[in-house]
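Each chain gets a letter, A, B and so on, in the order the sequences are listed, and its residues count up from 1.
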Protein chains: 2
Amino acid sequence: MAITVVGSVAFDTVETPAGRRERCLAGAATYFSLSASFFTDVRVIAVVGEDFSASEQAVFDAHKIDTTGIQHAPGKTFFWQGSYLDNLNEAKTLQTDLNVFAGFEPRIPDAYRDSQFLFLANIDPVLQRRVREATPQAKLVAGDTMNYWIKDHKPALLEVLKGLDILLINDTEARMLAGNNNLVLAARAVMEMGPRMLVVKHGEYGATLFHKAIPGAPESHTFKSPAFPLEQVTDPTGAGDSFAGGFFGYLASQRELTPGAFRRAMFYGSVMGSFTVECFGTERLQQLTREEIDHRFKLFRELTHLD
Amino acid sequence: MAITVVGSVAFDTVETPAGRRERCLAGAATYFSLSASFFTDVRVIAVVGEDFSASEQAVFDAHKIDTTGIQHAPGKTFFWQGSYLDNLNEAKTLQTDLNVFAGFEPRIPDAYRDSQFLFLANIDPVLQRRVREATPQAKLVAGDTMNYWIKDHKPALLEVLKGLDILLINDTEARMLAGNNNLVLAARAVMEMGPRMLVVKHGEYGATLFHKAIPGAPESHTFKSPAFPLEQVTDPTGAGDSFAGGFFGYLASQRELTPGAFRRAMFYGSVMGSFTVECFGTERLQQLTREEIDHRFKLFRELTHLD
């Protein structure tokens with residue numbers, strides 16, 4: 001089943017201990033789409049500027065991603081510059097130019113109307129909500145957010161949470177959103193805000209799925225996926241969005257959303273995140289094959305399973 | 001098979017967000033022994049003072065722990081006071097009174113001479129080495145250390161590492177010991193120092209076993225155990241020592257040290273650590289049953305296994 005994703009397409013300039021790259025093709029919607037495209041059809045809603053050229057379009061085309069919903073506006077594409085030189089686990093933002101993103105008004109193409117899976121990547125919750133309301137047919141809705149919206153736009157964010165089935169955020173965001181340092185209690189509090197499932201991403205320590213109730217598993221439950229042990233993390237940018245793309249893309253590819261499907265989706269999410277950080281920007285995702293994905297999925301199983 | 005453990009028996013006064021306890025029975029050798037006692041016979045080498053009373057002795061006796069090797073010296077038992085009020089993941093030391101521990105000269109009772117499993121808990125590496133050299137019959141030797149010894153007593157510690165099969169330390173210690181922030185590379189560097197296996201404990205994120213080669217698994221390999229999601233962490237003290245006790249105790253109970261035995265040992269380690277932090281000091285270990293342990297082991301499997 002097709003996924004519609006709304007979010008940012010951007011150019012990133014990043015410096016990490018491994019080096020520096022200028023204007024990588026990036027942005028949450030880009031990472032998400034490329035990652036999910038290995039599992040299912042993906043349709044993007046975003047905005048780009050005049051500097052978005054045929055070579056960037058070709059990346060989406062090569063992955064059969066529907067870009068009808070990408071608006072082309074006068075001006076420049078969203079630009080972000082960050083550094084991981086001090087801390088590989090947290091970017092220091094050096095520059096953010098919203099550019100065409102400042103006036104972004106998401107429009108949903110008619111051809112997207114039958115998408116039953118909707119992903120609201122990390123953007124202004126006001127826009128997330130508008131897209132959610134305009135896609136009543138979506139049967140599974142997931143989303144992301146960040147500390148900025150939690151801190152300064154909480155009322156708007158809480159409205160979005162009411163319309164989400166699954167929220168995907170990191171440890172710090174979950175604790176901040178719930179106002180509780182214990183992750184189990186924080187997860188429970190967040191699920192009271194709307195989502196029936198919460199995926200908490202722990203960076204190099206993997207991710208945890210908390211859920212209230214899913215078919216076949218009556219009790220509140222938890223599932224953990226490890227992170228792949230990597231000898232070199234080249235650029236951590238986009239790991240979370242790639243996780244979301246693998247997680248949600250795999251779910252959208254399944255005929256039935258069984259408890260087992262959610263568990264495997266967690267592993268596929270971790271797999272996709274682990275590939276992304278191996279190279280700068282979306283370079284690794286651009287070159288990836290489904291065979292590599294399934295091979296690493298097998299290694300993830302070996303990393304965690306007793307038998 | 002019996003385990004001999006050398007380390008500290010102590011009284012701890014701790015304050016955590018959950019409350020405060022005065023003079024809990026604690027110390028690395030205590031946590032380790034109690035934890036391992038659920039799996040195998042345990043023999044302790046330590047020193048206590050005149051304040052170590054019949055009620056403390058009764059705790060060891062109730063778990064059939066051999067305390068022939070606990071020396072009784074004039075003076076007071078090792079005392080530590082710490083606070084987790086600012087950070088539940090790291091204790092702030094408020095007071096350390098070595099007391100009788102300052103002159104500790106480990107002596108190995110003859111009755112311990114056939115122990116094939118030896119655990120060197122976190123003490124001065126000079127003492128660890130002396131005990132190691134005095135127990136040539138040990139066929140599997142594991143040990144712990146801490147930042148203090150890594151930073152200021154590295155030459156002595158490196159001598160200890162040469163005699164270890166397995167080192168169990170936390171993330172920060174592994175990175176510090178190897179001088180490398182990447183955990184995979186750090187693990188490899190540590191294993192070059194002697195131990196053929198390294199268990200890195202990640203606190204609330206579980207633990208990772210790195211190993212060079214074990215029978216039946218020719219390649220360098222990795223295994224991850226989650227941490228149990230707890231709604232309340234009452235007192236984190238002793239989690240690592242309890243992990244070590246469960247891990248090593250389970251191994252000592254096995255007829256063959258297969259790759260599967262090491263994987264299950266990792267889970268039992270996590271299980272034991274998760275119980276310890278539920279109450280102050282060794283309170284939870286004192287009350288624990290093997291049935292509770294095996295029940296939680298099953299839950300650990302469910303937390304991580306796809307099927």
Side-chain angles (χ1 to χ4, degrees), chain A residues 17-18 84 86-89 171 175 180-189 200-210 217 219-234 258-268 270 297-307, chain B residues 17-18 84 86-89 171 175 180-189 200 202-210 217 219-234 258-268 270 277 297-307:
Chain A
Y84 295 91
D86 292 338
N87 182 355
L88 205 51
N89 294 311
D171 285 66
R175 293 185 160 111
N180 194 317
N181 268 328
N182 179 288
L183 206 55
V184 179
L185 298 180
R188 197 172 299 159
V200 182
K201 297 168 284 180
H202 313 305
E204 66 170 315
Y205 299 115
T208 305
L209 170 71
F210 295 95
E219 287 172 52
S220 170
H221 207 63
T222 304
F223 184 72
K224 298 210 168 228
S225 168
F228 197 68
L230 290 170
E231 287 179 33
Q232 165 125 23
V233 173
T234 298
T258 61
F262 280 96
R263 290 169 172 243
R264 292 189 298 275
M266 287 290 289
F267 271 44
Y268 276 113
S270 285
F297 181 93
K298 225 179 116 214
L299 291 176
F300 261 75
R301 178 191 285 263
E302 287 171 17
L303 276 180
T304 50
H305 282 49
L306 291 171
D307 314 300
Chain B
Y84 295 91
D86 292 339
N87 182 355
L88 205 51
N89 294 313
D171 285 67
R175 292 183 162 113
N180 194 317
N181 269 326
N182 179 288
L183 205 56
V184 180
L185 299 179
R188 197 172 299 160
V200 182
H202 314 307
E204 67 169 316
Y205 299 115
T208 305
L209 171 70
F210 295 95
E219 287 172 50
S220 170
H221 206 61
T222 304
F223 183 71
K224 299 210 168 225
S225 168
F228 197 68
L230 290 171
E231 286 179 32
Q232 164 124 23
V233 174
T234 298
T258 60
F262 281 95
R263 289 169 174 245
R264 290 188 299 274
M266 288 290 288
F267 271 44
Y268 276 113
S270 285
V277 303
F297 182 93
K298 227 181 113 213
L299 291 176
F300 262 76
R301 179 191 282 266
E302 286 170 16
L303 276 179
T304 50
H305 283 50
L306 290 171
D307 313 301

Is there a side-chain contact between B/Glu302 and A/His221 in this structure, where contact means two heavy atoms from C-beta onward sitting under 4.5 Å apart? yes
Name the region of [X], side chain, backbone, both or neither, that has any atom closer than 4.5 Å to a heavy atom of chain B.
{"X": "A/Ala261", "value": "neither"}
{"X": "A/Phe297", "value": "side chain"}
{"X": "A/Gln232", "value": "backbone"}
{"X": "A/Leu230", "value": "backbone"}
{"X": "A/Leu303", "value": "both"}
{"X": "A/Asp171", "value": "side chain"}

Checking B/Ala265 against chain A: side chain, backbone, both or neither under 4.5 Å from a heavy atom? neither
Quick check on B/Leu306 against chain A: is it the side chain, the backbone, both or neither that has a heavy atom closer than 4.5 Å? both
Heavy-atom nearest pair, B/Val233 first then A/Asn182, reads N-ND2, 4.4 Å
Between B/Lys224 and A/Glu204 the two heavy atoms that sit nearest each other are NZ-O, 4.5 Å
Taking atom OG1 of A/Thr304 and atom CZ of B/Phe300, what is their separation to the nearest 0.5 Å? 13.5 Å
Is the A/Tyr205 ring parallel, tilted or perpendicular to the B/Tyr205 ring (thresholds 30°, 60°)? parallel
If we define contacts as heavy-atom pairs under 4.5 Å, which of B/Glu231, B/Arg263, B/Arg301 has the most with chain A? B/Glu231
